[in-house]
Amino acid sequence: MSGDDRVRGFPAFPPGRRARSSRSWWGDAWIRALEETSLDETLLRRGRRSATAGHVGSITVSPGRIAAEVHDGVRDVPYRTRVFVEPMTDAQWSRFLDQVAAKAGHIAALLDGEMPRDLASSADDVGVALLPGLGDLQPECDCPEWVAAACRHAAALCYQVAWLLDADPFLLLLIRGRGSREVLAELRRRGQRTTAAAPAEQPAGRAPGAGVPAALAYARPDPPLPDPPPAPEPGASGPVLPDAPGIATEVLHGLVENAAVRAAALLDAASGDHGPPTVLPERVDAVRLAVGASGPVLARLRQAAGRTAREFGRAVRAWEYGGQTGLSVLDEAWTPPPVRLARARADLTAGWTGDDPPEPQVWRNRWTFPGHRAQLRYGRDGRWYPYRELTGGDWWPAGVPRDDPADALADLLGD
């Protein structure tokens, strides 16, 4: 494989293009990820102006790294600006390519030079993120205004990356670690292995290596059960687990408890009409497991979640109040349809007792009441999640979600 496929250069865009303008779904998705999770609004606004003015020089894209020289248009001094994105590991690439190879439509589209939209959701299904999420974009710049966070130059570079994705969505695969020719060659090899497999060796209608759905496995006739274990002694808290080399007893207890919960959910799925539980991405499942955990278990889960201690504590609190949807409300800002917000305003006015309800400052799905240090966030499940501002300007989940915004605000204000 030629090294040229893993390092690509692009000439500078001329001035005059609108920074928000994007012609493709992948370019729009990159901008949404940037604006909703990465930088504050002031930097984004200045970055859009710099991108439009053509202040970004030629761009180089390589695995996990986007680089360019960017100037501010005043002193015309170029600054070395880079944005880093964590590349996918070999194990993640293997899972991702297995998922792609299992869908003939995906292979056909990719070999034809197209990136289907649902490739992102297919990657999510196996715990792999193609598009950057919260904290995934790590900028660096040698300009005076950059202080271990971000600057307008990095924002401008990110906006122009969206324009590059308009022309060639395969760049997203390069940013995540592999060039398009490398990916397509591996898909062809996997397709040849599948074709070469003898039909008699595969169950009818099942792809190689597809396994058996958990619901089907649990629906098979039950094998003979072993004799029940002896009754526990009075006051015993549970079975005594043997020592495991390199694994603390507390960690082992947590793993056993989690396995029991997952097994019960699989059994429930096999006996009902619904499918097996959704497999959560590792960084999300780490938050779920952290509820009720402590000590070394909690530290290892925080590391797996890829969050700072404070961010991790806030994420666990969000899960305690709202589960997976509550965590999504914490991490994601989105724009609900105007008709839903109009109906919610009417509900807030109709459901409020006494004087008129306080007027919110609205940004996307977040209604902020600055005089009360209170905020409501509208989830994709149609419920309102209460948040309270703590010292330092951090917003933390502050209660269970409510269907009515008036009820959720009353909970926050203690009415």
Side-chain angles (χ1 to χ4, degrees), residues 1-10 24-27 29-30 33 59-66 84-133 136 161 164-214 216-217 275-276 278-283 285 304:
M1 178 60 59
S2 170
D4 294 340
D5 195 39
R6 287 208 175 192
V7 179
R8 297 185 60 186
F10 301 88
S24 72
W25 182 89
W26 288 100
W30 176 274
I59 300 174
T60 301
V61 180
S62 56
R65 184 179 183 271
I66 307 160
F84 297 95
V85 183
E86 186 71 24
M88 287 158 49
T89 64
D90 288 342
Q92 289 173 327
W93 272 109
S94 180
R95 295 202 306 271
F96 171 66
L97 292 173
D98 284 342
Q99 182 79 345
V100 173
K103 297 186 177 182
H106 281 171
I107 294 181
L110 289 170
L111 294 179
D112 200 33
E114 298 179 1
M115 283 265 288
R117 293 184 186 181
D118 58 350
L119 205 64
S121 57
S122 294
D124 289 338
D125 290 342
V126 292
V128 175
L130 281 182
L131 290 165
D136 284 348
V161 169
L164 295 178
L165 290 174
D166 284 339
D168 185 2
F170 280 85
L171 276 179
L172 191 57
L173 300 179
L174 176 57
I175 292 171
R176 285 301 192 184
R178 297 191 181 180
S180 59
R181 293 203 300 270
E182 185 178 2
V183 171
L184 296 179
E186 179 59 30
L187 287 175
R188 290 190 185 95
R189 283 194 293 271
R190 290 172 187 245
Q192 290 168 357
R193 288 200 300 267
T194 300
T195 304
E201 297 175 358
Q202 305 298 331
R206 187 168 302 284
V212 178
L216 179 60
T278 302
V279 177
L280 299 175
E282 180 179 305
R283 60 187 301 169
D285 205 34

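The analysis underlying the following values was restricted to heavy atoms, covering all of them including side chains, and did not include hydrogens, waters or symmetry mates.
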Working to the nearest 0.5 Å, report the span between [atom1] of [X] and [atom2] of [Y].
X: Ile59; Y: Ile66; atom1: CD1; atom2: CD1; answer: 8.5 Å
X: Trp26; Y: Leu130; atom1: CH2; atom2: CG; answer: 5.5 Å
X: Arg117; Y: Ser122; atom1: CZ; atom2: OG; answer: 14.0 Å
X: Met115; Y: Leu165; atom1: CE; atom2: CG; answer: 8.0 Å
X: Ile175; Y: Glu86; atom1: CD1; atom2: CD; answer: 13.5 Å

Minimum heavy-atom distance between [X] and [Y], given as atom pair plus value:
X: Phe10; Y: Val61; result: CE1-CG2, 3.9 Å
X: Leu187; Y: Ala101; result: CD2-N, 4.3 Å
X: Arg6; Y: Pro63; result: O-CD, 3.0 Å
X: Gly64; Y: Pro87; result: CA-CG, 3.9 Å

Practice item. Please assess Leu110 against Phe170 for the test side chain to side chain contact (heavy atoms under 4.5 Å, CB included), listing each intermediate value before the final yes or no. Key: CA-CA 9 Å; Leu110 289 170; Phe170 280 85; 3.8 Å; yes
Review point. Residues two or more places apart in sequence or in another chain: which of them pass salt bridge (Lys or Arg N to Asp or Glu O under 4.0 Å) with Arg95?
Key: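 With sequence neighbours excluded, Arg95 shows a salt bridge (Lys or Arg N to Asp or Glu O under 4.0 Å) to no residue whatsoever.
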Review point. Is any side-chain heavy atom of Trp30 closer than 4.5 Å to a side-chain heavy atom of Pro132?
Key: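 Yes - at least one pair of side-chain heavy atoms lies under 4.5 Å apart.
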Review point. With a 4.5 Å limit on heavy-atom distance, are the side chains of Asp98 and Val126 in contact?
Key: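 Not in contact.
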Exercise for review: Check side-chain hydrogen bond (donor to acceptor under 3.5 Å, both in side chains) between Ser62 and all other residues, then give those that pass, not counting sequence neighbours.
Suggested key: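 For Ser62 there are no side-chain hydrogen bond (donor to acceptor under 3.5 Å, both in side chains) partners, ignoring immediate neighbours.
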Point to revise | All pairs passing side-chain hydrogen bond (donor to acceptor under 3.5 Å, both in side chains) where residues 167-179 contributes a residue, at least two apart | key: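 Residue pairs passing side-chain hydrogen bond (donor to acceptor under 3.5 Å, both in side chains), neighbours aside: Arg8-Asp168, Asp90-Arg178.
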